[in-house]
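Scope of the values below: all heavy atoms of this structure, side chains included, with no hydrogens, waters or symmetry mates. None of the values given here were measured: they were computed from a predicted structure.
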Amino acid sequence: MSTTQSMAKPKASKDVVATEPAAGGAGGGVSLGKGAFDCDNNVEIPPESEAEVFEEIATMDFPFEGIPTIPPRKDMDHMAFFCEGCRYRVTAYPDWTAAKVKQALWKGGIERSNKPASKRNTPGLQKWQDLGCKCLIAIETAKLFTKPPPDSAYWN
């Protein structure tokens, strides 16, 4: 069987759902880590909802050589953070300080990422100040609210 034959076929020409397992039996489900957590509501995000919640459903809105791609984010009111293999989603805005974002993560339950005391090499998260957040991108604010030109590397 060729690689193209083992790939799942899209249900519709517009949307391809990331949760569809490959027909060749290699699919292991959506989540490869420790899941996801919604800090605004202090609840787990079910694995079958992660692609939708984090806007990771490939569509043909911006195809690359006929292949569906994940379109630009529309929800600019939420940020995602990885901590101990789990993804945390929290409402946060570009004008917030790092301290305010860390407080929102703490209030939302990120301390659940702590390993049991008997299995960790560090004290773990005891308060919001124990969180370290690194910036993954630095970008001019105006660029967040304008659409890049069609030939921009942004679309690659």
Side-chain angles (χ1 to χ4, degrees), residues 1 3 6-11 15-59 61-62 64 67-145 148 153-156:
M1 180 180 329
T3 307
S6 67
M7 294 176 58
K9 300 281 188 226
K11 291 179 181 173
D15 295 296
V16 176
V17 180
T19 59
E20 294 177 330
V30 179
S31 179
L32 300 176
K34 296 179 183 174
F37 200 76
D38 181 342
C39 288
D40 295 333
N41 299 305
N42 206 342
V43 297
E44 287 187 42
I45 298 170
E48 62 274 8
S49 300
E50 283 186 47
E52 182 178 358
V53 169
F54 289 101
E55 298 181 280
E56 296 170 337
I57 298 174
T59 70
D61 291 345
F62 302 98
F64 176 73
I67 302 169
T69 62
I70 297 172
R73 289 181 55 199
K74 293 180 181 131
D75 180 358
M76 298 304 250
D77 294 339
H78 290 92
M79 293 184 181
F81 294 85
F82 283 96
C83 187
E84 295 295 329
C86 184
R87 188 162 41 166
Y88 293 85
R89 179 180 190 258
V90 66
T91 298
Y93 301 97
D95 61 341
W96 281 16
T97 63
K100 191 168 182 177
V101 173
K102 291 192 294 186
Q103 289 168 0
L105 286 164
W106 184 259
K107 184 179 177 187
I110 199 167
E111 75 277 2
R112 71 188 285 282
S113 68
N114 283 334
K115 293 178 184 174
S118 63
K119 294 186 177 184
R120 60 181 177 225
N121 299 326
T122 63
L125 300 173
Q126 306 298 319
K127 56 192 180 302
W128 70 265
Q129 292 92 337
D130 295 335
L131 278 171
C133 294
K134 297 289 183 184
C135 179
L136 298 178
I137 188 169
I139 190 168
E140 180 184 352
T141 305
K143 290 181 180 178
L144 294 172
F145 304 104
Y154 174 83
W155 303 110
N156 293 338

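Here the closest heavy-atom approach between residue Phe37 and residue Cys86 is recorded as N-SG, 4.2 Å. Listed here is the closest heavy atom pair of Asp77 and Tyr93: OD1-CE2, 3.3 Å. When all heavy atoms of Ala104 and Thr91 are compared, the pair lying nearest together is CB-O, 4.3 Å. Of all heavy-atom pairs between Trp106 and Lys127, the closest is CH2-N, 3.4 Å.
In this structure, Trp128 CH2 and Gln103 CD are separated by 4.5 Å, a value rounded to the nearest 0.5 Å. The CG atom of Leu105 sits 9.5 Å away from the OH atom of Tyr88 when rounded to the nearest 0.5 Å. Atom SG of Cys39 sits about 6.0 Å away from atom CD1 of Ile110, to the nearest 0.5 Å. Interatomic distance, Phe62 CZ to Thr69 OG1, rounded to the nearest 0.5 Å: 7.5 Å. Rounding to the nearest 0.5 Å gives a distance of 7.0 Å between CG of Asn121 and NZ of Lys115. From Glu52, atom CD reaches atom CD1 of Ile45 across 11.0 Å, with rounding to the nearest 0.5 Å.
Side-chain atoms of Asn114 come within 3.5 Å of backbone atoms of Leu125 as a donor-acceptor pair (strictly under, hydrogens ignored).
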When you look at Phe81 and Val101, which way does the side chain to side chain contact (heavy atoms under 4.5 Å, CB included) test go after all the steps?
CA-CA 10 Å; Phe81 294 85; Val101 173; 3.5 Å; yes
Stepwise, does the side chain to side chain contact (heavy atoms under 4.5 Å, CB included) test hold for Asp40 with Val90?
CA-CA 6 Å; Asp40 295 333; Val90 66; 3.8 Å; yes
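Judged as a salt bridge (charged side-chain N to carboxylate O under 4.0 Å, His left out), and not counting sequence neighbours, the contacts of Arg87 are Glu50, Glu56.
With a 6.0 Å radius and a threshold of 12 heavy atoms from other residues, nucleotides or ligands, Glu55 has its CD atom above the threshold.
Looking at Glu84 and Arg120, no side-chain N of the basic residue comes within less than 4.0 Å of a carboxylate O on the acidic one, giving no salt bridge.
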